[in-house]
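Inspection log for the structure reproduced underneath, given as structure tokens.
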Amino acid sequence: MFAVQFDSPGYIDVLQVRNIPVPSPGEGEVLIALEASAINPADVKIRSGMITPQGSAPFTLGYDLVGTVKQTGPNAGRFLPGDRVIGASTSAVTGNGTWSEFVCLPETSLARAPENVDSAILAQLPLPGLTAMQAVDALQLTPGADVLVAGAAGAVGRIALQLLHLRGYRAHALVRRAEQAESLPTGVAEEVHIGSLPVSRVDAVIDTAGIDLSAALRPGGHYVTVVPGSPPHSVSPESATLVITRESGAMLHALAELLAAGELDLPGSTTFTFSEIEAAHHEYDRQLGRRITLVV
Ligand SMILES: NC(=O)c1ccc[n+]([C@@H]2O[C@H](COP(=O)([O-])OP(=O)(O)OC[C@H]3O[C@@H](n4cnc5c(N)ncnc54)[C@H](OP(=O)(O)O)[C@@H]3O)[C@@H](O)[C@H]2O)c1
């Protein structure tokens with residue numbers, strides 16, 4: 001089967017499409033034939049050496065997965081061969097990337113794919129959706145509170161904004177440029193801030209941009225970030241949470257239900273095949289913020 005791998009971190013040209021053996025599902029695992037995935041910032045960070053993945057070379061990249069179950073391992077009974085599923089593999093932590101023809105994942109990391117949703121849309125959901133949901137879950141607030149999302153036009157921020165709205169928070173968006181404000185789903189944000197922070201206005205922030213949002217917080221506010229290296233030193237550890245995304249089939253199921261019900265609006269993307277992996281990464285670098293779907 002093919003797999004997108006690299007041996008040592010570096011520029012895009014370290015990526016190679018190799019022919020490797022098909023894995024066998026272990027205890028509680030499922031073997032999935034990959035249909036589509038996406039490029040996330042973490043893939044670029046791992047490829048370039050900013051993040052060191054677990055295990056030893058060669059490394060297979062990839063977090064997101066849309067595919068069809070081919071085989072189930074011992075004590076894996078939630079899915080049957082032929083089921084279409086979505087999943088996220090936290091590959092920096094597990095060393096198990098999804099950019100290969102067949103992928104083994106724990107069945108607890110998978111959810112049934114909603115019917116009638118295109119794989120290019122589904123591929124935008126797993127890692128950004130789990131990250132957004134885990135960031136919103138980290139808020140210690142009651143509905144009605146004001147929450148600012150930085151990077152609201154990005155993959156994680158866009159979903160976080162919508163989840164906040166659905167849960168009854170007053171969601172505020174911070175974007176960098178005016179055209180990003182126009183790209184936000186309608187009717188979700190109470191206020192959209194372009195390029196500058198509101199001051200001392202919100203009960204909590206969710207940072208997906210890796211910037212200092214402390215000025216926006218009311219005294220006693222809660223700082224949630226998904227970007228390692230933040231929050232800034234000025235924020236006390238007791239009022240801050242760094243979310244490191246965990247795999248969760250149950251959360252993906254909840255996100256898939258929102259998507260199927262039309263309550264989650266995901267961004268459009270540009271599609272490349274895995275044989276075009278270098279071109280896909282060049283395009284991703286060129287259009288930061290524009291999503292890329294990878295298909296088999
Ligand atoms: N902790 C974890 O386990 C975990 C999991 C998933 C993601 N992450 C991290 O979360 C971050 C976001 O991921 P993503 O997939 O959402 O990336 P993304 O789609 O590139 O979104 C990031 C957004 O932040 C915006 N931004 C950057 N600087 C800004 C600024 N100064 N003011 C306002 N907006 C700004 C970007 O705008 P531009 O397009 O203009 O740059 C973009 O819209 C990444 O750093 C990623 O590595 C962490």
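Every number for a ligand or one of its atoms is a count from 1 in the order of the listing. Fair warning: this is a prediction, and the values are worked out from it, not measured in the lab. Atoms considered below: every heavy atom in the structure, side chains included; atoms not considered: hydrogens, waters and symmetry mates.
- For a threshold of 3.5 Å applied to N or O pairs, the pair formed by Ala155 and ligand 1 contains at least one separation below that value.
- When heavy-atom distances to ligand 1 are checked against a 4.0 Å cut-off, Val156 comes that close through both its backbone and its side chain.
- Closest to atom 27 (C) of ligand 1, if we only count protein heavy atoms, is Arg176 NH2, 3.4 Å.
- Relative ring orientation between His193 and His172 is described as parallel, the plane-to-plane angle staying below 30° on a 0-90° scale split at 30° and 60°.
- Placement of Leu166 and Tyr169 within a single hydrophobic cluster is found when ILVMFWY residues are connected by side-chain heavy-atom separations under 4.5 Å, directly or transitively.
- Of all the atoms in ligand 1, the ones that sit under 4.0 Å from a non-hydrogen atom of Val243 are 1 (N), 2 (C), 3 (O).
- Between the side chain of Ser37 and the backbone N or O of Asp64 there is at least one donor-acceptor pair closer than 3.5 Å.
- Of the heavy atoms in Thr90, none comes closer than 4.0 Å to ligand 1.
- With contacts defined as side-chain heavy-atom distances shorter than 4.5 Å, the pair Leu61/Phe6 qualifies.
- Here's the thing with Arg177: one of its N/O atoms is less than 3.5 angstrom from an N/O atom of ligand 1.
- Near Ala209, meaning under 4.0 Å from any of its heavy atoms, are these atoms of ligand 1: 24 (O), 26 (N), 27 (C), 28 (N), 29 (C), 35 (C).
- Using modelled atom types, one side-chain atom of Asp212 and one backbone atom of Ser214 make a donor-acceptor pair closer than 3.5 Å.
- Residue nearest to atom 10 (O) of ligand 1, selected from Val93, Val226, Ile51: Val226 (by heavy-atom distance).
- Listed by chain and number, the residues in a salt bridge (charged side-chain N to carboxylate O under 4.0 Å, His left out) with Arg47 amount to none (sequence neighbours excluded).
- The nearest protein atom to atom 11 (C) of ligand 1, hydrogens excluded, is given as Thr208 O, 3.3 Å; this is a heavy-atom distance.
- Remark: the Thr273 side chain and the Ser275 side chain contain an N/O donor-acceptor pair separated by less than 3.5 Å.
- For atom 6 (C) of ligand 1, the nearest non-hydrogen atom of the protein is Thr131 OG1, 3.3 Å.
- Counting protein heavy atoms only, atom 25 (C) of ligand 1 is closest to Gly151 CA, 3.8 Å.
- Here the heavy atom of the protein found nearest to atom 43 (O) of ligand 1 is Gly154 N, 3.4 Å.
- With sequence neighbours left out, the salt bridge (charged side-chain N to carboxylate O under 4.0 Å, His left out) criterion links Glu283 to Arg286.
- Under the 4.5 Å side-chain criterion, counting only non-hydrogen atoms from C-beta, Leu255 is not in contact with Ile86.
- For the residue pair Ser183 / Gln180, no side-chain donor-acceptor distance below 3.5 Å is found, with atom types taken as modelled.
- Annotation for ligand 1: atoms under 4.0 Å from non-hydrogen atoms of Ile211 are 30 (C), 31 (N), 32 (N).
- Remark: ligand 1 and Lys45 share an N or O pair separated by less than 3.5 Å (distance only, no angle test).
- Side-chain contact between Gln16 and Pro58 is absent, with no heavy atoms from C-beta onward closer than 4.5 Å.
- Of the protein's non-hydrogen atoms, Pro41 CG, 3.3 Å is the one closest to atom 17 (O) of ligand 1.
- When hydrogens are left out, the protein atom nearest atom 37 (O) of ligand 1 is Gln180 NE2, 3.2 Å; that is the closest non-hydrogen contact.
- Close approach of ligand 1 to Ile244 is summarised as follows: ligand atoms under 4.0 Å from at least one heavy atom of the residue are 1 (N), 3 (O).
- With respect to atom 3 (O) of ligand 1, the closest heavy atom belonging to the protein is Thr245 N, 2.9 Å.
- Checking side-chain atoms of Arg158 against main-chain N and O of Asp265 turns up a donor-acceptor pair under 3.5 Å.
- At a heavy-atom cutoff of 4.0 Å, ligand 1 is contacted by the backbone of Val175 but not by its side chain.
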